[in-house]
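This report refers to the structure that appears directly beneath it.
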There are 2 protein chains.
Amino acid sequence: MAKRQRRGSQRITMGEVARLANVSPSTVSLYLRRPDEVSPQRAEQIQSAIDRLGYLPNTMAGGLASSRSNVIGVLVPTITNSFFSETLETLERHLRSAGYQLLIGNTEFDVSREEELIRSILSWNPAGLVVTGFLHSRSTLSLLARTRTPIVEMWDFGQPGLDMVVGFSHHACGRLIAEHMLTSGRRRTAFVSTNFQRDVRARDRYAGFRDSVEAAGGTVELCELSGRSDASETGKLTRDLLESHPEIEAIACSNDMVALGVLFECQRQNIDIPGRLALAGFGNLDFTRSTVPPLTTIEPPRREIGQHVARLLLASLEDELAEDEKRLDLGVRLVVRESV
Amino acid sequence: MAKRQRRGSQRITMGEVARLANVSPSTVSLYLRRPDEVSPQRAEQIQSAIDRLGYLPNTMAGGLASSRSNVIGVLVPTITNSFFSETLETLERHLRSAGYQLLIGNTEFDVSREEELIRSILSWNPAGLVVTGFLHSRSTLSLLARTRTPIVEMWDFGQPGLDMVVGFSHHACGRLIAEHMLTSGRRRTAFVSTNFQRDVRARDRYAGFRDSVEAAGGTVELCELSGRSDASETGKLTRDLLESHPEIEAIACSNDMVALGVLFECQRQNIDIPGRLALAGFGNLDFTRSTVPPLTTIEPPRREIGQHVARLLLASLEDELAEDEKRLDLGVRLVVRESV
DNA sequence: GTGAAAGCGCTAACAC
DNA sequence: GTGTTAGCGCTTTCAC
């Protein structure tokens with residue numbers, strides 16, 4: 001007797017509930033979906049039958065019959081990143097309370113993996129789809145063009161987009177940091193980035209930073225970290241950078257974890273921040289308030305993105321949205337502390 | 001024309017593919033599930049029809065008809081925590097490549113929320129269920145007892161469990177840290193914890209730590225942080241602690257983020273680590289290698305948990321597992337660096 | 001307000 | 001190897 005018998009799930013059906021409650025299945029169905037439309041007396045019978053039997057509705061059967069689902073697909077580059085996971089958490093909370101179930105996928109910054117995931121999610125006949133950014137493969141685009149489910153592109157802003165857009169401009173983030181550093185008198189700068197090849201948004205922040213610095217006659221040295229935001233690798237890279245470019249007086253980082261790595265290296269080498277070197281991150285992660293010195297950074301609207309994505313999605317499921325409601329630039333805030 | 005018409009999804013059905021390919025629907029179905037069992041010629045016809053029409057199978061219909069699903073539910077306290085999100089990521093990768101779709105839920109450390117989520121996941125008729133820890137509400141337990149889907153309790157070890165268990169002992173973690181500190185000659189200690197009331201596993205680590213320290217004649221001061229691992233709040237708490245208990249010579253933290261907050265406060269106050277104070281964290285987060293001084297911590301098997309949960313789940317879906325294969329203590333590793 | 005009947009799009013026997 | 005036939009458990013008209 002190998003192969004556990006996992007068919008015929010033996011689960012209580014709506015018909016059994018109906019029989020016990022002495023009503024028809026369709027009344028049970030109605031009770032479950034719109035309780036007010038059945039008489040109070042039957043409602044009670046039905047509810048007690050449900051409780052007695054421990055009935056759980058079969059979502060698949062319901063979805064098939066109504067040819068619609070309570071599923072919303074969400075694709076992020078990685079959930080192992082507090083940026084996206086906080087957006088996800090907020091999104092989940094708002095959407096679940098409206099009766100939706102999230103189907104989360106990790107694209108790993110890979111458009112062909114994104115395509116695969118979208119295919120898989122679309123096969124669930126989702127009520128909505130949320131993807132990260134504007135970068136999609138050709139066939140993803142045609143897949144998405146053909147579907148009629150509402151789509152939100154999040155965590156970025158500044159391109160046309162497929163349907164709805166909720167995010168902010170990463171180029172503007174880079175400029176914001178650059179201007180702040182320029183204001184404090186720094187011209188010779190470096191940008192230290194993790195995941196530079198895969199992450200378009202990190203590249204956008206770099207581009208914004210570079211554009212502003214160069215426009216002011218400054219220089220920007222780009223340093224790429226090979227893997228993930230490994231703080232120890234950052235140490236070595238920082239060492240090399242400051243050795244080969246002793247003129248550098250400011251370092252902008254692609255995120256706060258990278259900045260933390262740079263900071264520790266400076267502590268080791270007794271490099272004064274911000275005296276000798278200005279340092280800025282991105283993300284406003286919790287620890288940045290208490291580093292020594294506290295880290296200047298940018299606060300991206302992580303939670304707000306989740307909240308507004310949920311709002312737009314829910315609204316578009318109800319009504320057709322006006323064109324000008326479909327695009328939302330949430331902006332960012334420069335958090336000035338003591339490291340610049 | 002309000003209310004967008006979202007019914008009759010207009011999607012291509014298997015029947016249409018069959019018609020175009022000049023075969024019966026069941027041959028298409030067979031081709032999709034076991035391609036080798038249809039003749040190469042028809043296979044080609046079918047595939048080209050699929051491509052031409054852009055057919056995507058309807059997962060709900062398939063699931064209903066076969067009364068089984070490729071869904072696996074996973075419940076974690078919060079995905080906003082690299083511990084769980086790395087486990088999730090690994091689990092996702094392994095399970096997806098075996099054709100399963102994860103349904104992820106956030107319990108927020110709340111057993112009644114967990115119950116609600118389990119109810120919702122069970123209504124998908126999942127092939128498997130993964131929950132975090134052993135702590136469940138009474139009705140969750142009876143819900144779980146009635147179902148026949150395989151269940152894994154992860155991230156903890158040491159209790160009987162419902163079905164399968166993959167994790168490690170948090171009590172042992174606390175003891176490990178304690179012994180290391182005792183070895184280095186510290187007797188007067190404190191345990192600084194975030195989320196102490198909600199997180200059983202943090203409490204277990206505390207209990208293990210306290211038991212060992214007290215068995216050796218030492219003392220343990222417990223400090224609870226109110227909210228999340230807010231490093232700045234940690235600073236204030238550390239200040240108060242060291243003021244009211246100047247005798248303390250070692251601090252164990254419920255996780256690395258808390259330890260980071262303590263470390264920064266010590267840098268501010270010029271408290272020598274490990275000279276004046278020993279410090280240890282939990283988690284072996286990336287940055288702990290490069291702090292000044294590098295942080296002694298514990299490496300929990302985050303990725304391994306995901307991997308083994310997937311393996312056990314997949315195995316139990318195939319065959320009945322022997323009792324002794326159902327429980328796995330992955331253990332932990334003390335990462336000795338320079339802070340103790 | 002309630003029930004009967006007809007599917008939703010697929011899978012799974014079972015003939016052929 | 002392929003097609004025919006019944007459902008899977010629910011929702012949704014539409015009578016009553």
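Convention: sequence-line order gives letters A, B, ...; per-chain numbering from 1. Just so it is clear, the values below take in all heavy atoms, side chains as well, and ignore hydrogens, waters and symmetry mates.
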Using residues 128-136 of chain A as the side-chain source, report each donor-acceptor pair under 3.5 Å to any protein atom, sequence neighbours left out, with the distance given to one decimal.
residue   : atom : partner   : partner atom : Å
Thr132(A) : OG1  : Leu75(A)  : O            : 2.7
His136(A) : ND1  : Glu114(A) : OE1          : 2.9
His136(A) : ND1  : Glu114(A) : OE2          : 3.2
His136(A) : NE2  : Gly133(A) : O            : 3.2
His136(A) : NE2  : Glu153(A) : OE2          : 2.9

Could you check which of dA12(C), dG9(C), dG1(D) has an atom nearest any side-chain atom of Leu64(B)? dG9(C)

The side chain of Arg33(A) is closest to which nucleotide in this list: dT12(D), dC8(D), dT2(C)? dT12(D)

Test item: Thr87(A) side-chain N/O and Phe83(A) main-chain N/O as donor-acceptor pair under 3.5 Å: yes

Quick note, Arg68(A) side chain, CB onward, closest among dT11(C), dT12(D), dG9(D) is dT12(D)

Compare the minimum distances between each of dT2(C), dG1(D), dT11(C) and the side chain of Ser66(B), then state the nucleotide with the smallest one. dT11(C)

Quick check: are there more than 12 heavy atoms from other residues, nucleotides or ligands sitting under 6.0 Å from CD of Glu44(B)? no

Do Arg33(A) and Ser29(A) have side-chain atoms, one donor and one acceptor, less than 3.5 Å apart? yes

I want to check one thing: is the phosphate of dT11(C), taken as OP1 and OP2, less than 4.0 Å away from some side-chain N or O of Ser29(B)? yes

Base, sugar-phosphate or nothing for Tyr55(A)? Non-hydrogen atoms, less than 4.0 Å. sugar-phosphate

Please list, in numerical order, the residues of residues 15-28 of chain A that have a heavy atom closer than 4.0 Å to any atom of DNA chain D. Ser26(A)

Counting heavy atoms not belonging to Arg52(A), are there more than 12 under 6.0 Å from its CZ? no

Nearest whole Å is fine: how far is dT2(C) C1' from Arg34(A) CZ? 13 Å

Atom CE of Met14(A) and atom C1' of dC8(D) are separated, to the nearest Å, by 14 Å

Could you check if a side-chain atom of His308(B) sits within less than 4.5 angstrom of a side-chain atom of Pro301(B), using non-hydrogen atoms only? no

Report the distance from atom CH2 of Trp124(B) to atom C1' of dC8(D), rounded to the nearest whole Å. 16 Å

Just say parallel, tilted or perpendicular for the rings of Phe84(B) and Trp155(B), cut-offs at 30° and 60°. perpendicular

Nearest-angstrom distance from the residue atom CZ of Arg11(A) to C1' of dG9(D): 10 Å

In whole angstroms, how far is the C1' atom of dT2(D) from the CG atom of Leu32(B)? 16 Å

What nucleotide among dT2(D), dT11(D), dT11(C) has an atom nearest to a side-chain atom of Arg42(B)? dT2(D)

